[in-house]
Amino acid sequence: MLSLLNMSGNLPPKVPHAFDAEYLAAVQTVLSRQSPNDLIGAHQFRGKQRDRIAGARFVGRRLPVAPNPDQLIVTNGTQGAITMLMAGLIGRGGTLAIEELSYPTMRQFAEMFGIGLCSIPMDKEGMLPDAYEAACRIKNPAAVYAMPTLQNPTTAIMSVDRRRNIADISRKYGVSIIEDDIYSLLPFDLPPPLSAFAPEISWYILGTAKSMAAALKVAYLVAPSAEAAQSRFWPGVRATYWMCAPINAATVTALIENDAADRIIAAVRRETQARQALVTERLRHREFNSIAEGLHVWLKLPASQPRAEFVARVRSRGVEISASDTYFFGKDEPPNAIRFGTGTAPDREAFERGLDAVIRAYDA
Ligand SMILES: Cc1ncc(COP(=O)(O)O)c(C=O)c1O
């Protein structure tokens with residue numbers, strides 16, 4: 001039997017022509033610069049100074065003011081950063097506000113830490129300010145998980161006004177912002193992060209998994225202050241699971257320092273644009289949300305096509321996609337929509353085949 005083509009994930013496309021030589025050179029640079037045992041011999045809680053300086057430069061691509069490297073924490077990925085923040089900022093019995101369609105893993109983390117979720121209704125820009133404010137008043141969340149830039153799964157991008165509004169409400173009710181900006185490095189001309197509007201209450205995370213390679217295992221976390229970074233991420237927390245392996249941190253540092261990160265991101269962007277051009281051309285006349293540099297497409301289905309049946313029909317054509325239910329944190333019925341990724345197909349030909357299966361199921 002032919003194996004299923006996985007288009008339910010939204011990893012960046014592989015770009016070995018650009019990635020391989022740069023990565024190899026970076027690893028060689030790292031290993032020639034320092035004794036391996038010296039590099040790996042001890043835990044570095046917030047990351048080595050050189051890695052935090054590179055991280056500050058990297059997040060400076062998005063934040064209007066590059067942070068002090070002492071505010072930076074080098075983590076082994078966005079999930080590692082999020083779990084530390086959920087445990088540290090919210091804790092058992094506390095509440096996290098989250099958009100009603102969002103990153104599904106947040107549900108597992110909430111269960112793991114005994115944290116309640118309160119879902120916030122959305123429009124095309126993401127969470128609605130009035131609904132968010134009402135939730136802050138009634139449910140008293142300690143933090144909000146926000147993905148205001150190319151939201152997963154809807155692709156929503158908050159306007160500057162909306163960001164300012166959400167930041168003001170968070171400040172008014174003392175709600176910490178956990179901002180996941182993981183999809184922000186491929187598109188152009190984006191608004192600044194939400195955290196830029198309330199830096200004193202924001203924990204800003206910029207991972208590399210969606211712009212360079214899914215398993216690089218490096219994400220930079222910017223704390224509201226150097227003191228906050230230190231008090232949440234120090235040996236006294238007695239946890240190291242979120243820490244980046246020093247070889248990974250140092251390799252990404254080398255990629256940032258010689259601008260190889262830019263070249264890899266540009267290659268991922270080019271391949272994504274080529275695949276999204278196919279989406280725009282082939283899906284025209286159907287209702288969908290995506291942008292030219294987006295790793296996922298949100299396709300709305302007509303009432304005559306219930307999403308579960310649609311997903312099954314696409315699957316029968318050998319392609320895996322996911323229904324809106326996967327991402328739904330709300331109380332009522334999820335919207336009749338599906339998400340598929342543009343990057344997981346191993347090459348453009350396979351992607352076209354997957355896209356074709358989606359279109360044929362839609363038109364059936
Ligand atoms: C919104 C979002 N955040 C984080 C991640 C995972 O990031 P990392 O691999 O850096 O933990 C994903 C991956 O699917 C994601 O969609």
Side-chain angles (χ1 to χ4, degrees), residues 6-14 47 51 55 58-59 62 72-87 96-110 112 117 122 126-127 143-158 177-187 190 193-195 203-222 241-245 248-249 251-252 255 261 264-265 268 272 289-291 293-298 320-322 324 326-329 339-344:
N6 175 6
M7 298 227 311
S8 73
N10 67 345
L11 312 183
K14 289 184 188 157
D51 299 331
F58 193 71
V59 299
R62 288 285 296 137
L72 241 290
I73 300 135
V74 186
T75 69
N76 64 4
T78 298
Q79 289 196 358
I82 290 174
T83 45
M84 277 298 280
L85 295 177
M86 286 179 83
L96 174 73
I98 188 164
E99 284 162 319
E100 73 181 358
L101 289 154
S102 190
Y103 181 34
T105 304
M106 296 304 289
R107 184 173 293 114
Q108 270 81 48
F109 289 160
M112 208 159 101
L117 294 173
M122 309 163 68
M127 72 178 89
V144 58
Y145 172 71
M147 210 191 318
T149 304
L150 210 46
Q151 209 258 359
N152 179 15
T154 63
T155 79
I157 298 179
M158 273 187 198
I177 295 171
I178 300 174
E179 180 172 11
D180 185 349
D181 206 22
I182 200 161
Y183 296 108
S184 68
L185 295 179
L186 299 180
L190 291 170
L194 175 60
S195 302
W203 295 79
Y204 172 79
I205 313 168
L206 188 58
T208 57
K210 304 292 182 182
S211 54
M212 288 200 258
L216 265 187
K217 302 310 292 175
V218 177
Y220 300 105
L221 169 61
V222 182
Y241 65 88
W242 49 274
M243 285 171 50
C244 195
N248 292 350
T251 301
V252 176
L255 292 173
I264 293 170
I265 291 169
V268 171
T272 303
N289 298 348
S290 74
I291 73 161
E293 296 83 20
L295 295 183
H296 53 270
V297 177
W298 182 243
E320 192 97 73
I321 57 169
S322 41
S324 60
T326 309
Y327 312 93
F328 193 60
F329 290 84
R339 191 201 80 170
F340 65 89
T342 55
T344 37

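Remember, it's 1-based here, ligands and their atoms both numbered in the order they're listed. One is the number of the first residue; the rest follow in order along the sequence.
Closest of all the heavy-atom pairs between Asn76 and Gly80 is OD1-CA, 3.6 Å. The minimum heavy-atom distance between Leu206 and Ser184, with the atom names listed, is CD1-OG, 3.6 Å.
Residue Met147 approaches ligand 1 through these ligand atoms, each under 4.0 Å from one of its heavy atoms: 1 (C). The ligand atoms of ligand 1 that sit less than 4.0 angstrom from a heavy atom of Asn152 are 16 (O).
Of the protein's heavy atoms, Asp180 OD2, 3.3 Å lies nearest to atom 1 (C) of ligand 1. Nearest non-hydrogen protein atom to atom 6 (C) of ligand 1 is Tyr103 OH, 3.4 Å. Regarding atom 9 (O) of ligand 1, its nearest protein heavy-atom neighbour is Ala209 CB, 3.7 Å. Summary of contacts: the protein heavy atom closest to atom 11 (O) of ligand 1 is Gln79 N, 2.9 Å. In terms of protein heavy-atom proximity, atom 14 (O) of ligand 1 is nearest to Lys210 NZ, 2.8 Å. Protein heavy atom closest to atom 8 (P) of ligand 1, with residue, atom name and distance, is Thr78 N, 3.5 Å.
Paired with His296 under the rule ring pair (Phe, Tyr, Trp, His ring centres under 6.0 Å), one option of Phe340, Tyr327, Tyr183 passes, and it is Tyr183.
At least one donor-acceptor pair closer than 3.5 Å links the side chain of Thr342 to the backbone N or O of Gly294.
Side-chain contact check for Thr251 and Asn248: no donor-acceptor pair (N or O, by modelled atom type) lies under 3.5 Å.
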Inset, instruction - Evaluate the side-chain contact (heavy atoms from CB on, under 4.5 Å) criterion for residues Glu99 and Phe329: first the C-alpha distance (whole Å), next the side-chain angles of each, then the deciding distance (0.1 Å), finally the verdict. - result: CA-CA 7 Å; Glu99 284 162 319; Phe329 290 84; over 6 Å; no
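Nearest-residue assignment for atom 16 (O) of ligand 1 (options Tyr327, Trp242, Tyr145, Tyr183; heavy-atom criterion): Tyr183.
Using a 4.0 Å cutoff on heavy atoms, Gly77 counts as a contact of ligand 1.
Using a 4.5 Å cut-off on side-chain heavy atoms (C-beta onward), Lys210 and Leu11 make contact.
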